[in-house]
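Since the structure comes first, as structure tokens, the remarks are kept for the end.
Computed from a predicted model, the values in this text were never measured in an experiment. Numbers here are sequence positions counted from 1. We count ligands from 1, going down the list as the structure has it; atoms in each ligand are counted the same way.
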Amino acid sequence: MHLLMCPPAYFDVAYEINPWMHLDNVPNVDKAKRQWDALYAIITDRIGARVSLIDPQPGLPDMVFTANAGLVEGCVYIPSRFRHAERAGEVPHFERWFQDRQYHRKPLSDGWFEGEGDALSYAGILLAGYGPRSSAAAHPELARILGRDVLSLGLVDGRYYHLDVCFAPLGPNMFAYIPEAFDEAANRALLGLPGEKITLSAEDAQHFGANAVVIGRDIILNTGANSFSAALTERGYHVHETDLSEFLKAGGSAKCLTLILER
Ligand code: ARG
């Protein structure tokens with residue numbers, strides 16, 4: 001597994017673009033740095049996965065959430081088209097990073113698309129969230145570029161504004177999700193997918209349990225999603241809980257802080 005991360009040198013809550021962000025509840029930046037370092041150490045030292053870094057940029061406090069840099073498959077890089085102007089400034093920096101490493105840039109021409117934050121593979125299908133951030137209009141082009149089946153899933157709860165905060169592929173035959181985050185059609189579609197389905201309790205959801213980094217049998221997630229964490233342990237996963245409280249103040253957790261470059 002090879003991931004992209006961005007150190008939190010300029011991380012902050014400087015605007016409010018999701019219900020978790022409050023200008024009167026800003027992160028402690030030193031604590032955030034320690035939490036990010038701990039996450040990085042778990043992924044690299046403890047689990048042995050590879051991490052590449054992109055240089056953080058002043059004035060782009062959400063750039064730490066590299067899951068929204070775009071979507072990578074093989075040597076193809078599809079840049080994000082952010083809904084909010086506050087994050088649009090990240091795009092040229094991510095584009096340059098991928099261009100310098102000889103990725104083929106395949107931009108979308110229509111709609112909003114917030115990268116892997118709203119597009120996750122499971123059982124050979126690309127599941128793509130839309131509503132609060134990405135728009136369904138981007139999905140046909142996404143399918144065409146990647147030559148893959150895309151299953152569009154409507155997100156209806158503002159707290160779960162990206163697919164990766166309410167859905168987690170846990171392996172070839174198991175996924176976890178927050179049913180109330182999805183519309184009726186999406187709930188039907190999810191129930192129709194193969195494999196074991198774990199639903200997150202309100203408590204698990206509140207602690208961003210679904211926003212987990214899955215590396216084989218190792219799963220990294222924020223502390224406090226206790227029943228989810230127990231369910232994973234019961235199924236033989238090695239669960240690594242790590243406190244990401246400062247990033248939750250921006251509406252993100254472990255998974256948002258990483259982008260898959262290679263499985
Ligand atoms: N503050 C960021 C935003 O609202 C958090 C992004 C979290 N990323 C994710 N993939 N869920 O855009």
Could you list which atoms of ligand 1 come closer than 4.0 Å to a heavy atom of [X]?
X    : value
V165 : 11 (N)
A67  : 10 (N)
G117 : 10 (N)
I17  : 3 (C), 4 (O), 12 (O)

What protein heavy atom is closest to [atom], reported as residue, atom name and distance in Å?
atom                    : value
atom 8 (N) of ligand 1  : N68 OD1, 2.9 Å
atom 2 (C) of ligand 1  : D62 OD2, 3.3 Å
atom 10 (N) of ligand 1 : D164 OD2, 2.8 Å

Ion pair [X]/[Y], N-O distance below 4.0 Å:
X    : Y    : answer
E246 : R34  : no
R83  : E114 : no
K255 : E116 : yes

(request) Please determine which of I215, D164, L4, V213 meets the side chain to side chain contact (heavy atoms under 4.5 Å, CB included) test together with T258. (result) V213
(request) Measure the distances from the heavy atoms of F82 to every atom of ligand 1 and state whether one is below 4.0 angstrom. (result) no
(message) Tell me if the aromatic rings of W20 and F247 count as close, with their centers under 6.0 Å from one another.
(response) no
(message) Ignoring hydrogens, what is the shortest heavy-atom contact between R148 and L126? Give both atom names and the distance.
(response) NH2-N, 3.5 Å
(message) Take a 6.0 Å sphere around CZ of R217 and say whether it holds more than 12 heavy atoms from other residues, nucleotides or ligands.
(response) yes
(request) Give the single entry among C256, A250, G129 that approaches atom 9 (C) of ligand 1 most closely by any heavy atom. (result) C256
Under 4.0 Å from ligand 1, counting heavy atoms only, is it the side chain of [X], its backbone, both or neither?
X    : result
M21  : side chain
R133 : side chain
R87  : side chain
N211 : neither

(message) When you compare ligand 1 with E114, is there at least one nitrogen or oxygen pair between them that comes in under 3.5 angstrom?
(response) no
(request) Kindly compute the distance separating NE2 (H162) from SG (C256), expressed to the nearest 0.5 Å. (result) 7.5 Å
(message) What's the separation between atom CZ in F228 and atom CG in L221, rounded to the nearest 0.5 Å?
(response) 6.5 Å
